[in-house]
Structures are given as structure tokens and as C-alpha cells.
Asker: 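Here it is, the structure, as C-alpha cells.
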2 protein chains.
Amino acid sequence: MRGNLNLLSEMKGHPVTAHRQLLLHLIRNAHDHIDAKELYRRGANEEESISLSTVYRNLQVFKKLGLVEERRLGQMRCYYEIKQKPEHHHLVCQRCGKIVDFESPLIRKLMDEVQHQHGFNVTKK
Amino acid sequence: MRGNLNLLSEMKGHPVTAHRQLLLHLIRNAHDHIDAKELYRRGANEEESISLSTVYRNLQVFKKLGLVEERRLGQMRCYYEIKQKPEHHHLVCQRCGKIVDFESPLIRKLMDEVQHQHGFNVTKK
DNA sequence: GTGAGAATGAGAGGCAATCTCAATCTTCTT
DNA sequence: AAGAAGATTGAGATTGCCTCTCATTCTCAC
């Protein structure tokens, strides 16, 4: 069972459907990043069938609720991961597509610097 | 006239066609970044007509030859700019799409750090 | 349980970018 | 300067990722 007691409060008023539970379960149990197509593939393996529209729609909802982080890695595709504490970034191999996480205090420093100098509020990348 | 005497050597064996001259001229005279569609639009205003295929194909060629830099800014689209000396990066406004260039020695520092720690050769972003 | 309002599936649609292939152009060789 | 080999081009089809539409189904406050 993948019932999640906190989910109702996390969904902040949005109905808690079986599909949403399944999707969030799949994202949480994907240890690395996962894209929409793969999520759809894995969802189709479960008892409930699921449509690609539902996958995309709910990724947007999760994103808006701050449950999930969207990353545009590689060429076109977006990858999704659970929003977790440690701020980190990604290295993407141009040849094999391998994705490696990394973190560095320099990122924070750079963001602060840039925000001050240009009046932007940096939210991505 | 936009004839460029160096172009032949810059093209390193690839035929120098009127379209390539036109495209490179347009990119060089676009002061900021420019995307394929806009390049196509501007190309259509010149004496020669030009197809979207040609724009995309030649952007790939220019990129490979190191004449032009490809940047994925904003959501989907790629933007192109002449490869020029000062290394810089971009801020993209999520609301209005405005693009601001910036530079910082911290970027270099970060790249060095990351390359050392993970054995990657950082080429983008 | 009922009803208002939200989510879902299937397929159409949108958009950036790539591919196909016959016709045309560049450049190298005489 | 002409010919030939090989690359480029245009137009439209195609792919890939993602969003939209709308009739049907589900969720949850009452």
C-alpha cells in the first residue's frame, strides 16, 4: 500500500486521487530523476492504467505545490524529482547522457552576487 | 555587401554558399541573441529566400565549427549568438522573457571546482 | 447520499527541430 | 572554362515533447 496520510494536507485542497497517489509514489521511489514518459511507462505497469495527459497535468500540479522539482536536463526532456533539502545541481554527460548531482557553496555565493547586481530573484538552474 | 574574406577559411572545407553568408551576417548583426524563427524571418526579408531547414541545418554547422554558440534559454527555444571573447551567462525573466547577460569570476571558480571533483569537462550553462 | 467542482482518457493540436529526396549549387580537376 | 563529385537547398512530412478539449468519471463538503 502506498497510502500517504500527509498527502491530503500536502495537496492543499486539490482532490487526492488514486492517480496522484500512484504518481507521487513513483516519483518518490525513483531514486534519481525521472521523466514524464518513464513515469507513464511505470504507471501503466501498476493496477490502474494512466494516461499521458494525467502524468503531465499532475506534474504541473506537484510542481506548483512545491512537492516536485522540474529540471530541463539534456536536450528537450524535463526531468522531475522530489523537492528535497540539499540544494544541488547537475552535470549531464553530452555523450552518454549520464546525470551526476553536485553541490557547492559557490552556487549560493554566485546567486547572491547576481541577485544583488541585477535585481533578479534567481529561481532556476 | 556582406562578403567576408575570412569566411572561406572559417568554414574549414564546407562550401561557402550565399545562404551561409546571409545567415552569419544576420547573426553577427543581431546585437543580442537570436532564435531560428527570427533568423528565418529576417532571412526572408533579404533578396534571397531561405527555408527553415536551411536555417536549422546551418546553425548546426556553425555550432560545430565554433562560429556560433547555442543557448537554451527560457522554455523551449534555442538562441544563438556569435562566439565571442568574454565568457558570460544569462538571466531570463520568468514573467516577461527579458534576457540579461552577466559575468562573474565565481563561474570560472565553480567550473574548476566541479571539473576537479567529478572528472567532467564542463562545456555548457 | 447528493451535488458542485475537479480530475481523467483519448485523441487532436501546437511548437521546435529533424529528416527525406529530387533539384541545385560549390569547388576541385582538367 | 567545362565537367564531375559531392555538398547544400526547399518543401513538406515527421518526430518528440507537451498542452488542450470535452464528454465522462471521481472527490469531498454538506
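Convention: sequence-line order gives letters A, B, ...; per-chain numbering from 1.
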Asker: Distance check needed: D/dA7 P versus B/K64 NZ, whole Å only.
Answerer: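 Rounding to the nearest Å, NZ of B/K64 and P of D/dA7 are 12 Å apart.
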Asker: In whole angstroms, how far is the C1' atom of D/dT8 from the CD atom of B/Q21?
Answerer: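 That distance rounds to 14 Å.
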Asker: Using a cut-off of strictly less than 4.0 Å, decide whether B/H14 has a side-chain nitrogen or oxygen near OP1 or OP2 of D/dG6.
Answerer: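 Looking at the OP1 and OP2 atoms of D/dG6, neither is under 4.0 Å from any side-chain N or O of B/H14.
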Asker: Taking atom P of C/dC28 as reference, at what distance in whole Å does atom CE of B/M11 sit?
Answerer: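 These atoms are roughly 13 Å apart.
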Asker: Hey, is the side chain of B/R77 poking within less than 4.0 Å of OP1 or OP2 on C/dC15, counting only N and O atoms?
Answerer: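 No, because none of the side-chain N or O atoms of B/R77 sits under 4.0 Å from OP1 or OP2 of C/dC15.
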Asker: Examine distances only and state if a side-chain atom of B/H19 and a backbone atom of B/S49 form a donor-acceptor pair shorter than 3.5 Å.
Answerer: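 Looks like yes, one N/O pair under 3.5 Å.
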Asker: Taking the inter-plane angle between the rings of B/H33 and B/H88 on a 0 to 90° scale, is it parallel (under 30°), tilted (30 to 60°) or perpendicular (over 60°)?
Answerer: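 Tilted, since the angle between the ring planes falls between 30° and 60°.
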Asker: Need to verify one output field. Residue with the more 5' nearest nucleotide on DNA chain D, A/G13 or A/Q60?
Answerer: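 The residue closer to the strand's 5' end, by nearest nucleotide, is A/Q60.
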Asker: To the nearest Å, give me how far apart NZ (A/K63) and C1' (D/dT19) are.
Answerer: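 Taking atom C1' of D/dT19 as the reference, NZ of A/K63 is at 12 Å.
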Asker: May I ask you to say what B/D35 touches in the nucleic acid, namely base, sugar-phosphate or nothing, with a heavy-atom cut-off under 4.0 Å?
Answerer: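 No contact.
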Asker: Just do the side-chain contact (heavy atoms from CB on, under 4.5 Å) check on B/L39 and B/L59 with the steps written out, would you?
Answerer: CA-CA 10 Å; B/L39 220 34; B/L59 283 171; 3.9 Å; yes
Asker: Grab the CG-P distance between B/N58 and C/dT18 for me, whole Å please.
Answerer: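 For the pair B/N58 CG and C/dT18 P, the rounded distance is 12 Å.
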Asker: Are A/K37 and D/dC17 close enough that a side-chain N or O sits under 4.0 Å from OP1 or OP2?
Answerer: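 For D/dC17, OP1/OP2 do have a side-chain N/O of A/K37 under 4.0 Å.
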Asker: Considering the options B/E70, B/R71, B/K63, which one meets the side-chain hydrogen bond (donor to acceptor under 3.5 Å, both in side chains) requirement together with B/Y80?
Answerer: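 Option passing the side-chain hydrogen bond (donor to acceptor under 3.5 Å, both in side chains) with B/Y80: B/E70.
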Asker: Tell me: CZ of B/R20 to P of C/dT27, nearest whole Å?
Answerer: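 So the two atoms are 9 Å apart, to the nearest Å.
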Asker: Strictly distance-based, threshold 3.5 Å: is any side-chain N or O of B/R20 a donor or acceptor partner for the main-chain N or O of B/P15?
Answerer: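 Pair found, side chain donor or acceptor close to backbone of B/P15.
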Asker: In sequence, state the C-alpha distance, the side-chain angles, and the governing distance for B/K37 and B/V55, and then conclude on side-chain contact (heavy atoms from CB on, under 4.5 Å).
Answerer: CA-CA 8 Å; B/K37 201 167 63 173; B/V55 172; over 6 Å; no
Asker: Please report, rounded to the nearest Å, how far the C1' atom of C/dA16 is from the CZ atom of B/R41.
Answerer: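 Spelled out: CZ on B/R41 to C1' on C/dA16 is 18 Å.
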Asker: Do any of residues 50-57 of chain B sit with a heavy atom less than 4.0 Å from DNA chain D, and if so which?
Answerer: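 The answer is B/I50, B/S51, B/S53, B/T54, B/R57.
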Asker: Given atom OH of A/Y79 and atom P of D/dC17, what is their separation to the nearest angstrom?
Answerer: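 In whole Å, D/dC17 P lies 9 Å from A/Y79 OH.
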Asker: Minimum heavy-atom separation for B/L65 and B/E10, please, with both atom names.
Answerer: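 Minimum heavy-atom separation between B/L65 and B/E10: CD1-O, 3.8 Å.
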